Structures are given as C-alpha cells and as structure tokens.
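Working notes, beginning with the structure itself.
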Amino acid sequence: MFNRLTHLFVKSSVLALITTPMVAMAAASTDPISQFGLLGSYNNQKLQGSSHPEKNHVPEAGLFYNFGNKMTAEAGLIYQAGVEVKYGKRNDNTLKEGQGDLDLGWRMALDAHNSVDVIVGGGYSWTRYEPDSSQYDVKLTGRSPFAKAALGYSHQFDAATMRIEAGVRRTIGSDARIDVRGDGSDTVDLKDRTNPYAEVNFLFNRQGALPIVAGAYYTHTDYKLDRDSDLADNTELKRDEFGAKIGIAF
C-alpha cells in the first residue's frame with residue numbers, strides 16, 4: 001500500500017509541475033482551505049524491556065483531513081486544525097493510530113515569493129501497538145497530549161506552493177495501558193519526551209478547478225514507562241516513521 005501511495009504521489013507531483021504555467025498569473029487566493037486525502041507510512045520500531053530488544057517494521061495506510069491557511073496565507077496570522085487515522089499490519093504486528101492537531105502561528109514575508117513562519121500548537125495522539133514477539137505477549141496503548149513548536153518556510157511558484165516545516169512535539173502527562181495475556185492489565189504514566197519531526201508539503205494547481213496537495217514527512221517518537229509495572233519491567237518503544245500523503249484541496 002505504501003509503495004502504491006508513493007508512486008501516486010510522484011506521478012501527481014510530476015504531472016502538476018508539467019502543467020503549471022511558466023508565465024505570471026493573477027494572485028492566488030489567500031483564503032483558508034480544506035485538505036482531504038490518503039497517507040501511507042513505513043515504521044521502524046524497537047521494543048525493549050528486561051530481555052533482548054525486538055525490532056519490527058510495520059507499514060500503515062490511512063486518511064487525513066485539515067483546514068486552515070498554512071498553505072495559502074502570505075503574511076500575518078496562520079492556523080490549521082487537522083486529524084488523521086492510520087492502520088497497519090505486517091505478519092502479526094498490528095498498529096492503530098489517531099491524532100488531532102491545532103496550530104497557530106505568524107508568517108513574515110521575505111519578498112513576493114518567500115516567507116518564514118513560527119508555529120506553536122498542541123494536540124492529542126492515541127496509539128495501540130500489538131507486537132508479534134517471542135518475548136512479549138502484550139498490547140501497548142499510548143495516550144499522549146502534546147505541545148508543539150516549529151519553524152516554517154514557504155515558496156510560492158506561479159500556480160503552486162511549497163512549504164517546509166520542522167519542529168518538536170513535547171508529550172505532557174501521557175500514559176500507557178499494558179495488557180498482558182493471562183496476567184491482566186495495568187496503566188502506567190509515560191515519561192515526558194521531546195520528539196522531533198519534519199515535513200514538506202506542496203499545493204499544486206492553486207488557481208485550477210482541482211487543486212492537489214501532496215507531501216512527505218518524518219517523525220521520531222519515544223515511549224518509555226515512568227515507572228516499572230508488575231507487567232512490564234523498564235519497557236521502552238522507539239519508533240521512526242517515514243510517510244507520504246496525497247489528496248485534494250477545496
């Protein structure tokens with residue numbers, strides 16, 4: 001699924017660039033837009049506890065929706081609210097996720113085509129990981145409110161916009177539910193962690209009948225128990241996610 005989404009992203013990006021007019025056009029709308037589409041990702045995960053670590057690789061597919069002016073505003077206040085849901089399974093490793101974000105920021109124009117912005121925000125993420133493990137017969141469910149800070153850079157072409165964003169998400173008061181088959185369940189606080197992320201997004205055909213959005217992203221996330229549980233001793237999950245998305249704007 002991830003390979004098909006990546007292939008679709010590349011084809012759509014090339015097509016949009018080919019069809020973009022090379023002459024100056026009327027100013028594009030700076031109104032907020034909705035974006036809806038598909039996303040796919042590949043996850044490298046490392047689960048470790050009192051025994052040897054277990055490494056797994058899980059692809060995911062899902063849907064995203066957001067609304068705001070982060071891809072259209074030229075200067076001043078910018079904002080975006082969004083949600084995404086994902087599901088992945090490889091062998092007997094299962095990953096289910098949902099996340100919601102709200103971003104607020106201020107954009108400063110450098111010239112007619114380039115701008116920079118500062119973003120702050122927050123959100124909530126929910127993750128359930130069920131590993132296919134010879135050592136851990138568990139389900140880990142993480143619930144993580146987070147704060148967010150980032151820097152952004154935008155470049156406007158004649159009929160397209162590119163935006164790059166890099167920042168961190170800081171978990172606040174998150175916890176994990178541990179379910180062990182035959183031994184019951186326990187809820188344990190997770191240590192607050194600062195997790196980096198980066199993304200690049202494109203808005204093609206801004207003035208056309210069917211604007212296209214596409215992008216790629218990377219996130220690193222650590223989940224570590226704040227204290228040992230009777231069901232899990234010094235358990236930690238490290239995760240690197242590489243993803244791509246494509247959709248429509250309206």
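Nothing here was measured: the structure is a model prediction, and the numbers come from that model.
- Counting heavy atoms from C-beta outward, Thr171 and Asn195 have side chains that approach closer than 4.5 Å.
- Asp158 and Arg206 are not joined by a salt bridge, as no carboxylate oxygen comes within less than 4.0 angstrom of a charged side-chain nitrogen.
- Neither Leu151 nor Leu102 shares a network with the other; the hydrophobic side chains, linked directly or stepwise wherever heavy atoms of I, L, V, M, F, W or Y lie under 4.5 Å apart, form separate groups for each.
- Linking Ile, Leu, Val, Met, Phe, Trp and Tyr whenever their side-chain heavy atoms come within less than 4.5 Å leaves Val85 and Tyr87 in two separate clusters.
- Listed by first then second residue, pairs satisfying salt bridge (Lys or Arg N to Asp or Glu O under 4.0 Å) with a partner in residues 142-157 read Asp101-Lys148, Asp103-Lys148, Arg143-Asp175, Lys148-Glu165, not counting sequence neighbours.
- Classified by interplanar angle (parallel below 30°, tilted 30° to 60°, perpendicular above 60°), the ring pair Phe204/Phe202 is parallel.
- The cluster map of Ile, Leu, Val, Met, Phe, Trp and Tyr, joined by side-chain heavy atoms under 4.5 Å apart, puts Ile119 and Val83 in different clusters.
- Of the inter-residue distances, the one linking Ile212 atom CD1 with Gln35 atom CD reads 12.5 Å to the nearest 0.5 angstrom.
- Here the closest heavy-atom approach between residue Leu190 and residue Ser144 is recorded as CD1-OG, 4.4 Å.
- With sequence neighbours excluded, the residues that form a side-chain contact (heavy atoms from CB on, under 4.5 Å) with Val58 are Gln45, Asn93, Leu95.
- When every heavy atom of Ser115 is checked against every heavy atom of Ala109, the shortest pair comes out as CB-CA, 3.9 Å.
- Between Pro59 and Arg90 there is a side-chain heavy-atom pair separated by less than 4.5 Å.
- The minimum heavy-atom distance linking Ala249 with Ile33 is given by the pair CB-CD1, 3.9 Å.
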**Message:** Assess the residue pair Phe242 and Tyr218 against the criterion (ring-ring contact (aromatic ring centres under 6.0 Å, His included)); give the C-alpha distance rounded to whole Å, side-chain angles, the decisive distance to 0.1 Å, and a yes or no.
**Reply:** CA-CA 5 Å; Phe242 305 85; Tyr218 164 78; 5.1 Å; yes
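- We find the CG-CE distance between Leu203 and Met71 to be 5.0 Å, quoted to the nearest 0.5 Å.
- Considering all non-hydrogen atoms of both residues, Ile248 and Val213 come closest at N-CG2, 3.8 Å.
- Using a 4.5 Å heavy-atom threshold, the side chains of Arg193 and Phe146 count as separate.
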**Message:** Run the side-chain contact (heavy atoms from CB on, under 4.5 Å) test on Phe67 and Gln80 for me, step by step, so that the C-alpha distance in whole Å, both residues' side-chain angles and the decisive distance to 0.1 Å come before the verdict.
**Reply:** CA-CA 5 Å; Phe67 174 82; Gln80 180 168 289; over 6 Å; no
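- Under the rule for a side-chain contact (heavy atoms from CB on, under 4.5 Å), the partners of Asn69 that lie at least two apart in sequence or sit in another chain are Pro32, Thr72, Ala73, Ile78, Tyr79.
- Hydrophobic cluster membership is shared by Phe157 and Val116, with clusters built from Ile, Leu, Val, Met, Phe, Trp and Tyr side chains linked at under 4.5 angstrom.
- Panel note: side chain Asn56, backbone Asn44; no donor-acceptor pair is recorded below 3.5 Å.
- In this structure, OG1 in Thr221 is found 8.0 Å from CG in Asp240, a value given to the nearest 0.5 Å.
- Under the 4.5 Å side-chain heavy-atom criterion for Ile, Leu, Val, Met, Phe, Trp and Tyr, Phe64 and Tyr217 are members of the same hydrophobic cluster.
- Closest approach of Asn91 to Lys89, counting heavy atoms only: O-CE, 3.6 Å.
- Between Asn43 and Tyr129, the closest side-chain pair of non-hydrogen atoms is not below 4.5 Å.
- Using a cutoff of 4.0 Å between basic side-chain nitrogens and carboxylate oxygens, Arg239 and Glu97 are scored as salt-bridged.
- Note that CG of Leu140 is 7.0 Å distant from CG of Leu237, once rounded to the nearest 0.5 Å.
- Sparse packing is recorded around NE2 of His113, with 12 or fewer heavy atoms of other residues, nucleotides or ligands lying under 6.0 Å away.
- The aromatic rings of Tyr65 and Phe36 lie tilted to each other, with the angle between the two planes from 30° to 60°.
- Annotation: side chain of Ser154 is in contact with side chain of Asp117 (closest heavy-atom distance under 4.5 Å).
- Asn66 approaches Gly82 most closely through the heavy-atom pair CB-CA, 3.6 Å.
- Considering NZ of Lys245 and OG of Ser41, their distance stands at 10.5 Å, rounded to 0.5 Å.
- Rounded to the nearest 0.5 Å, atoms CG (Leu110) and CE (Met108) are 8.0 Å apart.
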**Message:** Run Gln156 and Arg163 through side-chain contact (heavy atoms from CB on, under 4.5 Å) and show every step you take.
**Reply:** CA-CA 9 Å; Gln156 292 187 11; Arg163 184 175 184 278; over 6 Å; no
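- Residues Tyr223 and Thr127 have side chains in contact (heavy-atom distance under 4.5 Å, counting atoms from C-beta outward).
- A distance-only check finds no donor-acceptor pair linking the side chain of His220 to the backbone of Pro196 [under 3.5 Å].
- Partners of Glu199 according to the salt bridge (charged side-chain N to carboxylate O under 4.0 Å, His left out) rule, which considers only residues two or more places apart in sequence or in another chain, do not exist here.
- Through side-chain heavy atoms spaced under 4.5 Å, either directly or across other Ile, Leu, Val, Met, Phe, Trp or Tyr residues, Trp126 is tied to Tyr124.
- Partners of Ile172 under the side-chain contact (heavy atoms from CB on, under 4.5 Å) rule, at least two apart in sequence or in another chain, are Ala147.
- Counting only heavy atoms from C-beta outward, the side chains of Arg107 and Glu74 never approach each other to under 4.5 Å.
- With a 4.5 Å cut-off on side-chain heavy atoms, Glu60 and Glu241 count as touching.
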